[in-house]
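In the text below, chain A, chain B and the rest are named by the order of the sequence lines, each starting its count at 1.
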Amino acid sequence: MLDRITGTKRTVEANGHLPVDANLITEPAQLASRVSAWEAVQAARNIQRPHTLDIVGRVFDRFHELHGDRGFRDDPAIVGGIADLDGRPVVIVGEQKGASTEENIARNFGMPHPEGYRKAMRLYRLAEKFHLPLITFIDTPGAYPGPEGEERGQAEAIAQSILLMARLQTPIVVVILGEGGSGGALALGVGDVVLAMQNAIYSVISPEGCAAILWRSPAEAERAAKAMRVSGPDLLELGVVDALIPEPAGGAHTDHAATAAAIRTALAAQLAKLERVPAADLMSARYERFRAFGALDEAGAAPPPPPPDSWWRRMMKRPSS
Amino acid sequence: MLDRITGTKRTVEANGHLPVDANLITEPAQLASRVSAWEAVQAARNIQRPHTLDIVGRVFDRFHELHGDRGFRDDPAIVGGIADLDGRPVVIVGEQKGASTEENIARNFGMPHPEGYRKAMRLYRLAEKFHLPLITFIDTPGAYPGPEGEERGQAEAIAQSILLMARLQTPIVVVILGEGGSGGALALGVGDVVLAMQNAIYSVISPEGCAAILWRSPAEAERAAKAMRVSGPDLLELGVVDALIPEPAGGAHTDHAATAAAIRTALAAQLAKLERVPAADLMSARYERFRAFGALDEAGAAPPPPPPDSWWRRMMKRPSS
Amino acid sequence: MPFGRKPNEFPSHLWTQCPSCNEMLFNKQLARNLNVCTKCDHHFRLGARERIELLVDKGSFHEHDAALTSGDPLGFTDSKPYPERIAAAQTKSGEKDAIITGEATIGDNPVILAVMDFEFMGGSMGTVVGEKITRAAERALAERRALVIVSASGGARMQEGTLALMQMAKILGALARLDQARLPYVSVITDPTTGGVLASYASLGDIIVAEPGALIRFSGERVTSGTVGEKLPTGFGKAEFLLERGFLDQIVPRPQLRERIGFFLTAFRAASQDLRWSL
Amino acid sequence: MPFGRKPNEFPSHLWTQCPSCNEMLFNKQLARNLNVCTKCDHHFRLGARERIELLVDKGSFHEHDAALTSGDPLGFTDSKPYPERIAAAQTKSGEKDAIITGEATIGDNPVILAVMDFEFMGGSMGTVVGEKITRAAERALAERRALVIVSASGGARMQEGTLALMQMAKILGALARLDQARLPYVSVITDPTTGGVLASYASLGDIIVAEPGALIRFSGERVTSGTVGEKLPTGFGKAEFLLERGFLDQIVPRPQLRERIGFFLTAFRAASQDLRWSL
Ligand SMILES: [Zn+2]
Ligand SMILES: [Zn+2]
C-alpha cells in the first residue's frame, strides 16, 4: 500500500498555523489562473523581480547588515543582519541577486560560495543565542558549482547549514522569493513555516541541468520544469511549501512595493503565531514537518500511526478537523 | 598592597592533583642544576629533540591520526587523532615540527596556519562529545605570522581556540614539549593541568622578537629570554606550569625513549586523577587556575578572599595543608 | 598485460581490465580481493551486499525495512515513466532501491548500518533512501547504537523532484538528534559520491573516511562545465584532494575499513559508558 | 593646504596636519569633531576618556577598579626597570594603566564598558588590563548586563612575560561564561589593534565593529617582516581589508558608534527579556 504521499493538506494541518488574515494561498484553487512551470521559471528569474535587500528595505523598519563568515571572506551572494518589524527584532539571512549585470557579477548571480553559507550559519547562531526569530529569503540558481567552491567545501557548508537549521532553537520562517535552486536553497530552507512567492520556483536541480541529464539537451528545460513540478501551485500540492504569498497581477517585478507589503503581512502574522509556541513544541513540529516527506510503498507494514495533534491545535484547544 | 603575586605554590595547591609517584618536578630546588633561560631556549629548539608524533608513537599503544579542519585545508603543522593509553582512549592534538629541514618545510617549522587551529578545535569538540580526555602537545615558535595567516584569520582562530578550551567539558592535560611560542602555543594551552618538559620554554613573544622591540636588536635575544623568564624553573615559580617532566641527563634529544617514558608516566597519573573529578568541579578549577594569574596592587581594596578548597582536597577528604 | 595477450582474448565475464594499471584481472580473484586490484590497489566499486559482508562482524547483520519501495509522487516521465525505471532497476539488481539498512556489530560495537549501492539508478537518493536512513538514525537513537553510513551516489533522484531534496533536511533532522544524544556517526565515502548526498549526510560524520581514489564532488562534471565552464586541475575531486583540503579524516584502504571503524567506535563507546565524564 | 600656508606656519599645539588628506586642522575643531578629520573623515586616535564620553548615554558612566595598578612580577629591566616605565606612563597620561572600565548605559541598555588607551605603553595588555576586563565580564554576568570592549593595543605587555600571555586565557574564560549566559558582548576595534589583544577578546564579539582605516593585525609589521620577510599588499591589515575577509560585521564611523551599538543591544535585549523563546 502506498501509505505516505505527502500532500499539502497533511503538512499544513500538522503545522496548522497559517492565519487566514495574512491573505495566503493555501490551495491552488484559490488562484485565479495557474501558471505553467515554465512561466514560473521565467517569472522567478526576471531580473527586475525584487531581490532580498530590496524586500528587506521595504518590509522592515530598520535593518543593519552584518558581514563575514569569520574565517575566509564576506560573500556578497548572501546578505544578513538584524532588522526590526513593528518593534520586533529579527535576524535576516538571504541570498542576493543583482538587478543589473554589474550587480549580478558582484553578487555572483546569487550563487553563494561556502563562506556564504558559513556566514549564514554564524547569523543563525546569533539568532539562537538571543532568542531572535530567523527569517530567510531564498533566491539562488544554486550554490556556486565552480572549483573554488569545491575546494572550500561547498558540500560541507551546505550540509552543516541544513543540520544547524534543523536543530536551531528559535523560530524560523523561510520565504522563497524567486529561484529556489537545490541544496544551495535548502541551506536556507529548513524552517517552521516555509512560504513561497506565488511565482517562485523550487527544484532539486535546475530545469536545464535535469534536461541535460535526462533528455540529454538543456533545450528540454521546459519539459524538465514541468516534470519536476517546480511551480508554486505544484509545491503547494506536494506540501513542500505551506502557503504562497500572492504577487501583484502582473508579477512581483511590476510592483515591488505591493510585493513587499504582502510579504510584510505574511511575516507579521507568522511571527505573531510562532512566538506563542513553546520551544520544545517548535522543535518537534519542525522535525515532523520534514520527517513526513515521502512517497513510500511498504508491503506488509502496518499503516503508520496518525501524527499527533499539532502544537497549534493543542495550543488553541480546538478539536481536530 | 601587592596582594596577588601568582606563585607556583598557590596554583599547584589549588589544582593540587600532582601525584608524587609520577616523578614530577614541582620545585626548582628538586633540580640538580638550573639551566639558564638561553640554554633552555637552545635545548627547546634542538632539531633532534623528540617532536609530537615521535612522542605520541612511543607514549600511546595505538594512534590513528585524524585530518582536516572541514573548511579549507589539512594543516601539517598541527596533528591530532585518537590514541589509547593502557586501554584508555584519549584525543591528542599537537604542534608538529620536523626532524630535518625537508620535514620542517613540510611542517612549516611547526607554525600553524588558522586552519590548523580550526582542525584542533574540531578535535577538541570531538573529545567533548564523547567524553574523551584531551591531551595537547605544544611545540611551536608561534602561529605563522605571514600574510596568508592574517588573511584567513590567525587571530580569530587562536581566540576561538582559547575560548573553546576554556569551556570544553572534558579533562585537558597540556604538555609543553619544546617551544611554547605566544598565542600560537596558548591556543593549545588551556588545560586542567599544564606540564612542561624540564627544558621546554614558554613565552609571550619570541626572545628575538622581544629583543628587536625593547633592545632594538634581535642579537639581544639572550637578555630578553632571561628577562622574560621563559625557562622551566621560571615557569614553575610563576605558576604558569604546574610541574616539569624530567628529561634524561643529556636532554630530551639524547634519549627519545626515556623522554617518552617519563611523559607516559606523567600522563597516566594525571588521567587517573582527573577522571575522578566531577565535571562541574573540573570546569570551576580550570576557571580559577587561569583566573588567578595577576600581579596587582590595589590601593584601599580588601584582600581577596582565600580561594575555596580545591576539588582535589574535597575529593580526597584530607585537611588543607 | 599478463602473458602478452590482448584484451579481447579475455572474455569479459571472466576477466576485468584494471582502468588504473591496465592489468587483466581474473574476476573471481578480484572478488576474493574485495574488488581491489591485486597489482595496483585500484578500488573498483563494490555492491552493497558485498560491502556489508566486509564491514561487519561475521554473521552479525540483520536487515531492516527491506520491503520499502518508492511511489511515483510526481507522475514523472522522461523517455520512460519513473515506475518503469524503478522496476527495471529492481529486476537488474534484485534490490528494492539504492540502499540497504540493518543492524550489526563492527568490532563488537553495536551499530546501525546503511549502505548505498551505486548500481541502483546511480545510487540516487529519493524518498526510500531518505526514509531508510532516517529510520536507521532513529533506531540508532532509540537503541543507543552508533550509525555508520556508506555513501555511493550521483545525488538526489530528479524523478522525485523537491521531495527528493526534502530528504536531505529529513535525514539531517534525525542526525541532529543523534548528535545531541552524543551517539557516534561514521561516514564512509566511496566512489562516486556527489551532489545532494555529499551535501548532506556524507559530509557530516564525527569521523569521515573515504576509499582511495574515490570521486567526491559536490557538482557533477556535467553541471560544473555546463554552468561555469572552467577547466579543472587533475586529481580534483578525488579523495586524496579532499584529504588535503581538510574534508576527510582519513583515506582507508578497503581491507582495513572494518578494523579502523571498530577502533574509533570502541574509543567513543569506552568513554561514553564511563559516565564519570557525563554532564 | 588652507590659504596656501606652509606647515611650519601652524604651531603644533594649535594645529594638526591630517596624514590622510594633508589638511591642517585646528586642534579645537578636531576635538569637537571627535578627532575625525573634517575634510576627509580620517579617524585620529582617541583617548579612553573621550571615547567613553562619545559612547555612553550622557552622564551614565561610573568607573570601576580605578585604583588597580601593576606589580613587577618578573623584576623586568631593559633600558630601564619596568616600574619606572609604568610610573612614567602614569605621570604622562594621568591613568593607572592602559584601560578604563565601568558601568554605563548605551541607548538605555545597561552595559559594562572597558575602553583601552593606546597612549599608555602602547595599550599593552598586562595583568591590570587582564584583571579589569575579567572583572568587567564577571560583573556583566552577575548583573546581567551587556559587555562592550573598545580595543586599542600593540598586544601583550612583554614586561610581564607569560603572566601577560595568561591574561588571554583568563579573560576568555570569563567571556565563555558570559556567552553561556547568553549575554551580549560587542567588540569595538580601533586603531591600532594587534597581537594578543586581537588574538583574544577583540576577535570574539557577538558583534564586531571597527573604525574606518583602523590597523588590525595579528602580527606586528616588525615581527612579520623579520620572521618571514614577505612583501605585503597595500591596504593589508586595515579595517576595510578585514571586512572583506569576513572578520568584521561592520565598519562604523565614530559619530555613529553609540547609536549603532545601541541598536544591536536593544535588539538582543528585547528578545532576551521576552522569555517566550527561552529554553
Ligand atoms: Zn590495477
Ligand atoms: Zn583628512
Query raised in the report: With a 4.5 Å heavy-atom cut-off, do F218(C) and E156(A) have their side chains touching?
Result: no
Query raised in the report: Salt bridge between R291(A) and E138(C), side-chain N to carboxylate O under 4.0 Å?
Result: yes
Query raised in the report: Which heavy-atom pair separates A299(A) from A67(C) by the least distance, and what is that distance?
Result: O-CB, 3.8 Å
Report task. Report the option among G246(C), G126(C), G130(C), A174(C) that has the most heavy-atom pairs separated by less than 4.5 Å from atoms of chain A. Result -> A174(C)
Report summary line: In this structure, CD1 of I158(A) is separated from CG of L198(C) (nearest 0.5 Å) by 9.5 Å
Report summary line: Taking every heavy atom of L163(A) against every heavy atom of L172(C), the minimum-distance pair comes out as CD1-O, 3.4 Å
Report task. Run the numbers on I171(C) and F290(A) for side-chain contact (heavy atoms from CB on, under 4.5 Å), then give the verdict. Result -> CA-CA 9 Å; I171(C) 293 166; F290(A) 288 89; over 6 Å; no
Query raised in the report: Distance from C210(A) atom SG to D78(C) atom CG, nearest 0.5 Å?
Result: 7.5 Å
Query raised in the report: When rounded to the nearest 0.5 angstrom, what is the spacing between CG in L235(A) and OG1 in T162(C)?
Result: 5.5 Å
Report summary line: Under 4.5 Å to a heavy atom of chain A? For A66(C) that would be neither
Report task. Output the distance between atom CD (E150(A)) and atom CD1 (I216(C)), rounded to the nearest 0.5 Å. Result -> 11.0 Å
Report summary line: Of all heavy-atom pairs linking A169(C) and V190(A), the shortest is CB-CG2, 4.0 Å
Report task. For A156(C) and V204(A), work out which heavy atoms get closest and say how close. Result -> CB-CG2, 3.4 Å
Report task. Decide, yes or no, whether a salt bridge links R167(A) with D179(C) under the criterion of side-chain N to carboxylate O below 4.0 Å. Result -> yes
Query raised in the report: How long is the span from the CD1 atom in I162(A) to the CG atom in L175(C), to the nearest 0.5 Å?
Result: 11.0 Å
Query - chain A interface, residue from K96(C), Q167(C), M158(C) that has the most non-hydrogen pairs under 4.5 Å - result: M158(C)
**Report entry** 4.5 Å side-chain heavy-atom contact, F76(C) and M228(A)
**Finding:** yes
**Report entry** Gap between atom NZ of K170(C) and atom CZ of F293(A) - 0.5 Å precision
**Finding:** 9.5 Å
Requested in this report: Check whether any side-chain heavy atom of L163(C) lies under 4.5 Å from a side-chain heavy atom of L238(A), and answer yes or no.
Outcome: yes
Query - Ionic contact status for K132(C) with E298(A), cut-off 4.0 Å - result: no
Requested in this report: Sort E160(C) into side chain, backbone, both or neither according to what part of it lies under 4.5 angstrom from a heavy atom of chain A.
Outcome: neither
Query raised in the report: Taking every heavy-atom pair that is under 4.5 Å apart, which of D65(C), L68(C), L165(C) has the most such pairs with chain A?
Result: L165(C)
Query raised in the report: So which heavy atom on G173(C) is nearest to which on A166(A), and how close?
Result: CA-CB, 3.9 Å
Query raised in the report: Side chain, backbone, both or neither: which part of F241(C) has a non-hydrogen atom closer than 4.5 Å to chain A?
Result: side chain
Requested in this report: For F247(C) and E151(A), work out which heavy atoms get closest and say how close.
Outcome: CE1-O, 3.4 Å
